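Worksheet: the structure to be examined is printed underneath.
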Amino acid sequence: MVPELVVATLLSLYRMFAAYLLSLLIALFTGIAMARNRVVEAVLLPILDVLQSIPILGFFPVVLSAFVYGLGPGLGGELSAIVLISTSLVWNMIFGVYASIKSLDPSFDLMASVYRIPLPLKLALVYVPASRTSLLSNSLISWAGGWFFLTSAEVISMGTQTLKLVGLGSFIFDASNRGDAQAFAAGMGVLFTVILATYIILWNPAVVKYTGLTILPGVMAVFNALERLTRLFWRLVVKAILRAWLYSRRLVLPSSTALVLVALLGPQIRPTGFSTGLLYGSLVKYLNMFLTNVWPTLLRVYVVLLVSLLISLPLAYLSHRRRAVGLAACTAGELLSSIPAMIWWPLLLPVAHAAPWFVMFFVYLQGALWYVYFNVMIFGLQYVKRDIIELTDVYKIRGFLYFKSVFIPAMLPSILTGLLSASGGAWNASIAAEYIAFGDFEVDTGGVGSLIDKLAAQGDSLGVLFVALYMSLVIVLLNKLIWGRLFARLGARFVVD
Amino acid sequence: MSTKLTLSIRGLTKKYKAPGREVLVLDNISFDVGEEFIAILGPSGCGKSTLLRIIAGVEKPDSGTVEFHLGREPRVGFVFQFPTLLPWMTILANVALPLLARGTRENEAREKARRALTLVGLGEFEDFYPNELSGGMKQRVNIARAIAIEPDLLLLDEPFSQLDPLTAETLRSEVLDLWLSSVLSLKAIIMVTHNVEEAVLMADRIIVLSPRPAKIVRDVRVDIKRPRSRKMPEVQELVDRIYEYVS
């Protein structure tokens, strides 16, 4: 069992880092292109807005089939796993880069054009370093999302077929299916250890170093070494750029790189071979199905968002007051948020029979809470500055008044960002939460998520696609009509750091 | 000063498009620049900085030309109002950056950057990061970066306006020393300012601009011998006279 477990762990880690690197590249190119080119911004911002808030899980069978049928189950499966993990990492990383380049002092651009600094050099020396801090903070949040999706990425079901990749996620999944308690426990132990280790030696030190946040436990040594290595690597990159620049002073890196990205990002889903009449019939059929199922899901999503706030804000307040609470809350959060979705089932089984709604609610919360939680903890608390604390101490502003007039307004930008991401997360989670089949046990609470699951199980990809599209449409409308307006109204206070 | 021409500016006009209307910023600006220190004086927001950016070649005028008489590509140094240093690079790397962008080899670029830093008195701080320096020191780095490329023309965009009065005073005389000592290959300096006294104390010539749209109101030669000081009667007299043009 031990060698098996080691191989599985290494493979899962490799997938996580490969997905992270992929996300990093996409985030840098897309974020910078959006912040620096109005056309790209106008095109990509709404697209990303949609992509971020729609149930990616719903679209996945379609994309996966394309990968696996195109490249074969080996390479195709591996690639689709990496892409699937990336879809849970990349969104807030893109927005992090975009926000930090957008808020970069424009005089840097003036300086760069006065001294005719070529674009590649500007990317390497100005834009990438400028997005460092926000990229690292967002990576910490994303990392948990990646682990959360690990099992879904390693055990891919497409209609009636299931493709399994060797990895920690599938190891635990198999162990629990076999009822092998020992392997299950070992797998879980390794998973917890690996997750905690990556936080303690990598992400926590990174965020602590660049933001000065003190409530994240970490060991600096490995990160410092890694940082030195990265700096060295970066210096070589800059040298290479300079050399290329010296040899050909006309090195052209078209700003249309971004356009290529647009083309790559644009989903290539074109169902072919349908007559318009048939298409129209399906449109109506699935619309009816969607409309009867959307209401419970809608209600659940907003209840979950409210509960997420009610959990996060008091904890943030306590963390703010006592560092020990902060350290505990952050560590617990990092661990709990990373535990892959499928692993919760066996743990929840005892309560599932008595209270299936609790299981549903728990999975929902798992998909949404952490966006609010980490945005408030990592970004929000940075806004509550020392001088504000002194002010409240001097004038003895406490209790409800403190919450109302100091704490919440200071953190408002991060609360809103968190809620927006969490709303996407909650809709996405509906697919995992509303219909759960585990062993001989089944929870079906109805709703759009459950509908998508059932259609997928029947192998009705077209149905999944349509319902997911309708769902996306509703989410986008809600975001534009309700959230967008609320954001605009609070706009004066909305500071992008 | 010699009468040899460094550059000629002819008929510069610039409009900005605001929603629904156009705002004329520069209205037919023409003047010649010899080997001299010119101060461009005008009220805030009159378009002085736009003029400077057009001369630097980073903004295009709607009409008019900027022509250099050097027989080669001109080297232009720019001292920004704010230091504009990249916080993740040492000050040496910051100063060397424009040289690298011009294609100078790395060792040579570092050497030149080091020399420029020594000229502004920061030779021992090359490994410091910008955030470790005071406001005055950062502005010195800004100046070092501009002179490191061995410019023909130095453009200064209200370089002392963000400093405390004492630091500003020191830096003014240092810039003047650099200009007068001819350690630099500098042919001309154009400094934008809204500080009348600063213009009179430093420049050979003062061009006074009107409020927006900027037009040339006066072109005044400053024939007061150096070193100048506030207390000199001819300085005070000229300051008073120029205040009348401005208001």
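Lettering follows sequence order; numbering is per chain, from 1. Please read these numbers as outputs of a predicted model, since none were measured by experiment.
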Is the number of heavy atoms from other residues, nucleotides or ligands within 6.0 Å of [atom1] ([X]) greater than 12?
| X | atom1 | result |
| --- | --- | --- |
| B:Arg110 | CZ | no |
| A:Arg132 | CZ | yes |
| B:Arg114 | CZ | yes |
| B:Asn131 | CG | yes |
| B:Glu124 | CD | no |
| A:Arg38 | CZ | no |
| A:Lys209 | NZ | yes |

What part of [X] lies closer than 4.5 angstrom to a heavy atom of chain B: side chain, backbone, both or neither?
| X | result |
| --- | --- |
| A:Ala112 | neither |
| A:Lys122 | neither |
| A:Ile117 | both |

Of the backbone (N, CA, C, O) and the side chain (C-beta and beyond), which part of B:Gln81 lies under 4.5 Å from a heavy atom of chain A, both, or neither? neither

Under 4.5 Å from a heavy atom of chain A, the part of B:Ala146 involved: both

At what distance, to the nearest 0.5 angstrom, does [atom1] of [X] lie from [atom2] of [Y]?
| X | Y | atom1 | atom2 | answer |
| --- | --- | --- | --- | --- |
| B:Leu100 | A:Ile241 | CG | CD1 | 11.5 Å |
| A:Phe108 | B:Phe80 | CZ | CZ | 10.5 Å |
| B:Asn94 | A:Met111 | CG | CE | 6.5 Å |

If every non-hydrogen atom of A:Arg116 is compared with every non-hydrogen atom of B:Ala56, which pair is closest and at what distance? NH2-O, 3.7 Å

Which atom names give the shortest non-hydrogen contact between B:Val76 and A:Tyr115, and what distance separates them? O-CE2, 4.0 Å

Taking every heavy-atom pair that is under 4.5 Å apart, which of B:Leu85, B:Leu155, B:Ile149 has the most such pairs with chain A? B:Leu85

Between A:Leu110 and B:Thr84, does a side-chain contact (heavy atoms from CB on, under 4.5 Å) hold up when you go through it step by step? CA-CA 9 Å; A:Leu110 176 63; B:Thr84 321; over 6 Å; no

Checking B:Trp88 side chain against A:Val126 main chain: does a donor-acceptor pair fall under 3.5 Å? no

Sequence neighbours excluded, which residues qualify as side-chain contact (heavy atoms from CB on, under 4.5 Å) partners of B:Glu150? B:Arg75, B:Lys112, B:Arg115, B:Ser185

If you count heavy-atom pairs under 4.5 Å with chain B, which of A:Ser113, A:Ser107, A:Pro129 comes out on top? A:Pro129

Among A:Leu242, A:Asp105, A:Val238, which residue forms the greatest number of heavy-atom pairs with chain B at distances under 4.5 Å? A:Leu242

Listed by chain and number, what are the side chain to side chain donor-acceptor pair (under 3.5 Å) partners of B:Ser8, not counting sequence neighbours? B:Asp32, B:His69

